[in-house]
Amino acid sequence: MKSLRFDRYWPPLFVAVLAVVGLSIGAWERLEQLSAETFFRLRGERTSTVPLVLVAIDERSVAELGQWPLARRHYIPVLRTLESAAVVGLDVLLSESSPDDQALAKSMGEQGRVVVARARTGSTSLLPNPVIQSASAAMGDIGIPLEGHSTFQSIGLVSTEGEEIFGLSIARLYATSMGLPQPQLPERLWLNWPASIKNLQTVSFIDVLDGKVPESVFVDKIVLIGSTVAGVDNFTTPFDAQSNGVHIHWTIIENLLGNTQLRILPQAWVDVLLVGLTLGTGFTLSGRTVFFQLGALLGACLLWWGLALFAWYNNWWLPVASPIGTLLLLTSCFLIENVQRANFERQAALSADQAKGQFLAIMSHEIRTPMNGVLGMTELLLDTPLDAKQADYVDTIRSSGEILLALINDVLDFSKLEARRLELDFHAMNLHECIEEVFSVVAQSAQTKALHLGYSIDPQVPEVIVGDSLRLRQILLNLLSNGIKFTSQGKVCLSITLQTVGRGSEICFAIQDTGIGIPQERLSQLFQSFAQVSSATASKYGGTGLGLLISKQLVELMGGRMWVESKLDCGSTFSFTIPSQVI
């Protein structure tokens, strides 16, 4: 059984703790508010299911009647017009006494279903005066204690003193007068704004007073009489940058009678949901590839967002900011974990490569020392009197030793290059002498195979340059030896030219042969470790496949580049450049 590794599971555990702490201190509230506003706008406005008309005490009414608050005598003829209304909500405080109270109370009594407003300021209640209070069918508190931010708000329907809010009193009275079931009363009502206040059927108070609005407009409807004057009870809704208290009353009545209030998951459920989502997702994705983690987490965020939007359409609120924010935080932790793991693995790989390179360098050096002794002794042995058979044996030992020494040298150079420990020795060198030395080494091999061997140097190429003569000879020797090895007839030629590159110049070496050539599909693999054109070629011609790779890396170390052009059965041209540094 595999043991549980804590380091694999620290991101979900860490994020789960942060999620719980964030919920406890309300860190997500503002983001949840923004998501709620977004969902209101995505859902759009709804058609009201409750028959309600607003009699608006607007700027025109105040201007024509000449005062605010309005004199109570103006409400009397309006209430007579509203006698056929199911309920009238008078969203105006009438606490002071007035000579018109008796007449107004009579009109309220004749209507029979008038809800009047009261307000609470701290421990003080502002009630309608006794005359008005006795004529009302119910009272409701308009000092609504909203909780929440901006447009995502909840209210208590009944105060601790047992006083109902204005909208609840109207909804109860309407249900009673119309023979409907009483509205369900949640502990707190989360406002589900139906639409803009502009979509509410509205008539001007002054038009009703002047008899311009027929009574049929109000039959069996809820009528709200309230102020829409700018600067009075102003606040913001998802659909209005500026609205009034009557908009809240409309929303409360709509939510209660239409049963459309937002339903909220209990906080304990939200806590469990968030922690479960974090731990479940984290444990499932832990140890997976970074692309799988990112894809799964992005998909989970989109799925949750879509589920929350669907729930919103059905009057349910699901938290959005906290789950998605937690998933994004989990994503960040996974990214950090993957970066740390990648760095650790890369460092381990580098350490392993360095250890391998050091091992190869030490072993190559240790093998080369006795090998040089073997070759030295064979040279001395060849200078002693030997018969033909003995000389042949010794010569075979010498040639085999030279091949083995060349292999050891290649491995040593390769290990130094891999470990980035090979250093170049730049100094003034005679290019012509370097070329001659290389050709003197390979001349015998070319003569044995009856190949034409030659070189040409462009007159513009400087004779003395700054470079590493030893490594340049090694590169040329490798390429010329390969050309001779893979060419059975024809020629192997070296051409050296000077090329202008930007503001500087570089020397280009091109080794052309008429050998077996290289298939096009193998060219891209030619400069890889231990690469051979084919197994048959390796079997026939031998070699380790390190020579070209070492040569290419040496050229790049000098600041140049190497490439090859070849056609099967027609020969190859290996070219490389080095910067032209003239003394």
Point-to-point distance, once rounded to the nearest 0.5 Å, from [atom1] of [X] to [atom2] of [Y]:
| X | Y | atom1 | atom2 | result |
| --- | --- | --- | --- | --- |
| Ile197 | Thr202 | CD1 | OG1 | 6.0 Å |
| Gln133 | Met108 | CD | CE | 9.5 Å |
| Leu168 | Ile253 | CG | CD1 | 10.0 Å |
| Leu54 | His249 | CG | NE2 | 10.5 Å |
| Asp91 | Phe166 | CG | CZ | 5.0 Å |
| Ile248 | Ile165 | CD1 | CD1 | 9.5 Å |

Okay, side chain of [X], backbone of [Y]: is any donor-acceptor separation there less than 3.5 Å?
| X | Y | answer |
| --- | --- | --- |
| Arg263 | Trp317 | no |
| Thr38 | Ala36 | no |
| Asp207 | Val203 | no |
| Trp304 | Gly299 | no |
| Asn129 | Leu94 | yes |

> After noting the C-alpha distance and the side-chain angles of Lys106 and Ile76, does the key distance pass the side chain to side chain contact (heavy atoms under 4.5 Å, CB included) rule?
Replying inline: CA-CA 9 Å; Lys106 180 179 179 183; Ile76 298 172; over 6 Å; no
Going by the rule side-chain contact (heavy atoms from CB on, under 4.5 Å), which residues pair with [X] if we only count those two or more places apart in sequence or in a different chain?
| X | result |
| --- | --- |
| Pro69 | none |
| Leu329 | Val15, Leu18 |
| Asp100 | Arg72, Arg73, Ser98 |
| Ser61 | Asp58, Ser204, Phe205, Ile206 |

Which heavy atom in [X] sits nearest to a heavy atom in [Y], and how many Å separate them?
| X | Y | value |
| --- | --- | --- |
| Leu265 | Pro319 | CD1-CD, 4.5 Å |
| Val50 | Gly258 | CG2-N, 4.3 Å |
| Gly44 | Phe239 | O-CZ, 3.8 Å |
| Gly89 | Ile170 | CA-CD1, 3.9 Å |
| Ser177 | Val87 | OG-CG2, 4.2 Å |
| Ala308 | Val320 | CB-CG2, 3.5 Å |

Just wondering, do [Y] and [X] contact through their side chains at under 4.5 Å, heavy atoms?
| X | Y | result |
| --- | --- | --- |
| Leu90 | Val115 | no |
| Trp316 | Ile264 | no |
| Leu79 | Leu104 | yes |
| Trp68 | Ser227 | yes |
| Thr500 | Glu506 | no |
| Phe292 | Leu297 | no |
| Thr237 | Leu191 | no |
| Arg80 | Ser107 | yes |

>> Could you walk me through whether Phe40 and Trp312 satisfy the ring-ring contact (aromatic ring centres under 6.0 Å, His included) test, starting with their C-alpha distance in whole Å, then the side-chain angles of each, then the deciding distance to 0.1 Å, before giving a yes or no?
In response: CA-CA 8 Å; Phe40 271 123; Trp312 194 273; 5.0 Å; yes
>> Please check if the number of heavy atoms outside Gln182 that lie under 6.0 Å from its CD is greater than 12.
In response: yes
>> Using a strict threshold of under 4.0 Å (side-chain N to carboxylate O), is an ion pair present between Asp240 and Lys198?
In response: no
side-chain hydrogen bond (donor to acceptor under 3.5 Å, both in side chains) involving [X] - partner list, sequence neighbours excluded:
| X | result |
| --- | --- |
| Gln347 | none |
| Glu64 | none |
| Ser136 | none |
| Arg172 | Glu164 |

> Does the side chain to side chain contact (heavy atoms under 4.5 Å, CB included) test come out yes or no for Trp193 and His247, once each step is laid out?
Replying inline: CA-CA 9 Å; Trp193 302 96; His247 199 170; 4.1 Å; yes
Contacts under 3.5 angstrom, residues 208-223 side chains, donor-acceptor by atom type, not counting sequence neighbours:
from   : atom 1 : to     : atom 2 : distance (Å)
Lys221 : NZ     : Gln201 : OE1    : 3.4
Lys221 : NZ     : Val217 : O      : 3.3

> Which residue pairs pass the salt bridge (Lys or Arg N to Asp or Glu O under 4.0 Å) test when at least one of the two sits in residues 305-323, sequence neighbours left out?
Replying inline: none
> Would a line drawn from the ring center of Trp305 to the ring center of Phe39 be shorter than 6.0 Å?
Replying inline: yes
>> Using the rule given for side chain to side chain contact (heavy atoms under 4.5 Å, CB included), can you reason through Leu82 versus Val114, listing the C-alpha separation, both sets of side-chain angles and the distance that settles it, and then say yes or no?
In response: CA-CA 10 Å; Leu82 302 179; Val114 178; over 6 Å; no
> Which pairs count as ring pair (Phe, Tyr, Trp, His ring centres under 6.0 Å) when at least one residue sits in residues 100-119, sequence neighbours excluded?
Replying inline: none
> Could you walk me through whether Leu189 and Leu262 pass the side chain to side chain contact (heavy atoms under 4.5 Å, CB included) check?
Replying inline: CA-CA 8 Å; Leu189 179 73; Leu262 283 175; over 6 Å; no
>> Could you walk me through whether Thr228 and Asn244 satisfy the side chain to side chain donor-acceptor pair (under 3.5 Å) test, starting with their C-alpha distance in whole Å, then the side-chain angles of each, then the deciding distance to 0.1 Å, before giving a yes or no?
In response: CA-CA 6 Å; Thr228 60; Asn244 302 89; 5.2 Å; no
>> Can you tell me which residue among Asn192, Asn259, Thr49 is in a side chain to side chain donor-acceptor pair (under 3.5 Å) with Glu254?
In response: Thr49
> Do we see a donor-acceptor contact under 3.5 Å between the side chains of Asn199 and Glu45?
Replying inline: yes
> Will you find, in the side chains of Ser322 and Glu32, an N or O donor that is under 3.5 Å from an N or O acceptor?
Replying inline: yes
Show me the donor-acceptor pairs, under 3.5 Å and distance only, between side chains in residues 555-564 and residues at least two apart or in other chains.
from   : atom 1 : to     : atom 2 : distance (Å)
Glu556 : OE2    : Lys552 : NZ     : 2.5

